[in-house]
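Okay, so here's the structure we're looking at.
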Amino acid sequence: MSNDDVTPARPEWPLYEVFVRGKRGLNHVHVGSLHAPDGEMALHNARNLYTRRNEGVSIWVVLAENVTASSPDEKDPYFAPSGDKVYRHPTFYPIPEDVPHI
Amino acid sequence: MSGDNIFTGLTEEHDGDARWAFGTGFTEALAGVDTTLPAGVDGEDLATYCRMLGDDALVQAQRLVHWVTDAPELEEEVALANIALDLLGQARLLLARAGQADGTGRDEDDFAYRRGPAEFLNVRLAEAPRGDFARCVTTLLVLSSWRLALFGRLTESRDPVLAAIAAKGVNELAYHREYAVSWALRLGDGTPYAHERMVEAVADVWPLTGELFATHPVEAALAAQGAAVDPATVREEVHQVLTQVLTGATLDAPAPFPAAEPAGRAGRHTEEMEPLLEELQRVAREHPEATW
Amino acid sequence: MSTTAQEAPPGADEALQADFDAKIAANQRIEPRDWMPEAYRRSLVRQVSQHAHSEIIGMQPEGDWIATAPSLRRKAILLAKVQDEAGHGLYLYAAAETLGVDRADLTERLIGGRQKYSSIFNYPSLNYADVGVIGWLVDGAAICNQVPLCRTSFGPYARAMVRICKEESFHQRQGYELLMRMMEGTEGQRAMVQDAVDRWWWPSLMMFGPPDVDSPNTRRSMDWGIKIDTNDDLRQKFVDMTVPQAEKLGVTLPDPELAWNDERDHYDFGEPDWDELKQVISGNGPKNAERVERRRAAHENGAWVREAATAYAEKQRSAREVAV
């Protein structure tokens with residue numbers, strides 16, 4: 001539909017590394033990476049993807065190519081899911097005690 | 001959290017903030033809010049008004065969900081799903097309030113699934129076909145700017161429930177508008193092709209904008225009681241916002257909103273409404289006795 | 001990202017290999033900047049990207065029901081769930097990219113039919129109970145497959161899996177809860193649930209892959225810590241977990257050979273139709289073409305949007321450079 005007359009260049013959105021501060025008093029923690037056309041959209045996407053827009057969360061995005069890394073032995077912390085819409089939580093669904101393994 | 005042993009992680013009780021990176025602080029929008037009808041506010045009118053705002057959100061969400069699995073990028077599917085979820089949440093609260101206010105005790109699903117097109121009171125722009133992504137962005141830009149202006153004022157509503165719903169919705173709508181603005185800029189000022197798509201989208205959407213600011217008698221009456229917002233009062237503000245965004249996106253300054261009478265607010269809809277409701281209500285209507 | 005053996009000085013590759021082997025043996029994670037054997041990297045790229053594709057294609061069988069969910073609560077739940085799957089796909093693509101592949105390429109491979117995804121999503125979803133059964137059985141099987149992967153040897157993959165597994169738990173429970181509600185409902189609803197169980201049971205068992213005797217890569221993947229349990233072990237675990245849940249629910253699993261075996265301390269169960277699995281994997285499933293086509297159309301119809309965003313970012317950058 002677009003670029004009928006020119007060779008469609010595949011736009012490469014750069015890779016951003018995402019850091020999230022879960023709550024005040026904590027450090028920003030690396031939670032993953034994503035692609036975006038620019039920093040502002042990277043923030044949008046990070047908010048949607050890694051925090052599901054929980055209030056009071058601070059996000060940094062950094063172009064991956066701007067990260068200078070030291071050793072390969074980094075120990076990235078594990079991350080856990082966001083607490084947002086209550087129905088995302090397993091315990092929102094009452095299941096009788098005697099149903100095993102759910 | 002349980003680190004390596006996810007098996008125990010899944011079976012642990014899900015309490016305590018510590019297990020979740022972002023806490024578990026769910027805020028019940030209506031927790032602690034007095035649900036009795038305030039003196040001097042007409043229950044029937046309040047119910048009708050809640051249906052208007054609730055139907056706007058429900059019908060808009062119904063259009064948006066079709067972008068999930070069909071958006072230009074996966075990130076947009078996630079974002080549009082978030083927006084639809086917010087709107088769905090607003091619709092549920094508003095429709096539930098309608099059932100309280102009119103004394104019938106009808107619940108959200110009674111309103112969503114057991115009314116015909118003429119009983120839906122949403123503005124027609126909400127039901128308009130979803131079109132391409134430029135159309136999606138433009139519709140979202142207009143509706144979120146308008147609704148944000150209304151909700152900002154509704155936080156002062158004499159109905160405490162409506163005020164609480166509005167207070168919760170303001171944050172959501174501010175984000176919806178921000179999202180729409182960011183894409184309006186990128187499409188309008190991106191490539192010539194995208195610019196053309198935006199020009200067309202604005203042209204398609206604009207005839208439907210007049211109705212957003214046409215005051216329905218119920219809105220007028222309830223605004224006089226201090227419980228609602230007369231949409232005519234946000235006309236200027238919304239036009240300024242849209243002018244700023246569209247010119248920022250290198251598009252022409254928009255025409256004034258056309259003059260219009262309430263149409264959707266009075267149950268008069270376009271031919272889009274019937275198939276939209278057919279899809280929304282099909283399963284529920286096939287199983288009238290069922291519980292889900 | 002990874003250093004290839006050719007670039008290394010003579011003798012160094014053995015040292016690197018030894019270091020890699022030691023990390024695996026010590027149950028340590030391999031991180032993206034570590035040296036890794038090329039075959040390990042390739043296996044991981046294949047596994048992680050297929051997993052990502054499965055999440056994305058997996059949005060479709062249920063996504064079709066969002067617009068027509070029979071209550072607003074169910075609509076919100078299903079929308080949140082399908083949205084999660086998009087999120088899971090994105091986490092996994094991001095993990096795959098740390099191995100030096102590009103998401104755009106992976107997408108091209110998916111929509112060009114050159115990379116596979118879980119065959120389960122090539123079956124149609126025919127009534128609303130399918131939403132519940134997909135949550136209960138398909139996501140349940142996925143959890144069985146995925147929980148061990150939280151301990152997989154490649155760090156970014158393991159971390160993505162931790163997050164995904166937690167969210168999958170919500171998926172499974174919402175499914176089971178929907179089915180419980182439907183089983184307490186009308187006769188028609190109970191029939192819908194049983195019908196959906198009949199259709200999804202065998203495909204769910206096939207989600208664990210071919211029997212171990214026909215799974216040539218299993219051994220090597222296990223040595224590398226990419227795969228933790230064998231297909232048959234996981235399948236057995238799933239059956240053992242699921243049968244009591246089915247009894248509780250009041251549905252019949254469509255397998256006459258299903259019976260508790262005291263000696264084995266496991267359930268015995270029948271043999272899935274492996275020919276059918278082969279058919280579905282090789283692209284002849286009921287919905288293969290449609291699923292891939294939908295993704296291809298979305299991608300191609302959205303090309304102009306992505307191009308506009310790129311062009312805009314470029315303009316902003318030039319403007320900033322001029323200003324400086």
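Just so it is clear: chains get the letters A, B, ... in the order the sequence lines come, proteins before strands, and each one is counted from 1.
- Counting only heavy atoms from C-beta outward, the side chains of B/Q62 and C/K75 approach each other to under 4.5 Å.
- Taking the charged nitrogens against the carboxylate oxygens, B/E76 and C/R306 have no contact shorter than 4.0 Å, which rules out a salt bridge.
- The most heavy-atom pairs under 4.5 Å with chain C, out of B/E75, B/R285, B/E289, B/H66, come from B/E75.
- Of all heavy-atom pairs spanning B/W292 and C/P70, the tightest one is CD2-CG, 3.3 Å.
- Considering only heavy atoms from C-beta on, C/Y312 stays 4.5 Å or farther from B/L187 through its side chain.
- Interface residue C/I56: only side-chain heavy atoms are found under 4.5 Å from chain B.
- Of all heavy-atom pairs spanning B/L85 and C/A76, the tightest one is CD2-O, 3.4 Å.
- Closest approach of B/A81 and C/Q83 over heavy atoms only: CB-CG, 3.7 Å.
- Contacts between B/A71 and chain C at a heavy-atom distance below 4.5 Å involve the backbone alone (N, CA, C, O).
- For B/L95, the part lying under 4.5 angstrom from a heavy atom of chain C is the side chain only.
- Taking C/G188, C/A298, C/S71, C/G63 one by one and counting their heavy-atom pairs under 4.5 Å with chain B, the maximum is reached by C/S71.
- Here B/E73 does not pair with C/R295 in a salt bridge; the nearest charged N to carboxylate O distance is not below 4.0 Å.
- Put simply, of C/G185, C/A308, C/A311, C/A313, the one with the most heavy-atom pairs under 4.5 Å next to chain B is C/A308.
- At a 4.5 Å heavy-atom cutoff, the contact between C/V305 and chain B is made by backbone and side-chain atoms alike.
- At a 4.5 Å heavy-atom cutoff, the contact between B/F133 and chain C is made by backbone and side-chain atoms alike.
- Neither the backbone nor the side chain of C/R190 comes within contact range of chain B; no heavy atoms are under 4.5 Å apart.
- Looking at B/V78 and C/L90, their side chains come closer than 4.5 Å, going by heavy atoms from C-beta outward.
- The backbone N or O of B/E279 lies less than 3.5 Å from a partner atom in the side chain of C/T68, making a donor-acceptor pair.
- Applying side chain to side chain contact (heavy atoms under 4.5 Å, CB included) to B/V68 and the options C/Q60, C/M59, C/E85 leaves one that passes, C/M59.
- For B/A134, the parts sitting under 4.5 Å from any heavy atom of chain C are the backbone and the side chain alike.
- Within the 4.5 angstrom heavy-atom criterion, no atom of B/A61 approaches chain C.
- Defined by atom type and a distance below 3.5 Å, a donor-acceptor pair is present between the side-chain atoms of B/T69 and C/R294.
- If you measure heavy-atom distances from B/W67 to chain C, you find no contacts under 4.5 Å at all.
- Both the backbone and the side chain of C/L72 come within contact range of chain B, each with at least one heavy atom under 4.5 Å from a heavy atom of that chain.
- Inter-residue side-chain proximity for C/Y128 and B/H287 is flagged as unmet; no heavy-atom pair is nearer than 4.5 Å.
- With chain C as partner, the option from B/V65, B/L74, B/T191, B/L80 having the largest number of non-hydrogen pairs under 4.5 angstrom is B/L74.
- Interface summary for chain C: among B/D70, B/L88, B/D189, B/D107, the most heavy-atom pairs under 4.5 angstrom belong to B/D189.
- Of the listed residues (B/R282, B/R186, B/E286), the greatest number of heavy-atom pairs within a distance under 4.5 Å of chain C belongs to B/R186.
- Atom CD of B/E274 sits in a sparse spot, with 12 or fewer heavy atoms from other residues, nucleotides or ligands closer than 6.0 Å.
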Go through the steps to decide whether C/E307 and B/R197 satisfy the test salt bridge (charged side-chain N to carboxylate O under 4.0 Å, His left out), and finish with yes or no.
-> CA-CA 13 Å; C/E307 284 158 19; B/R197 305 303 314 152; over 6 Å; no

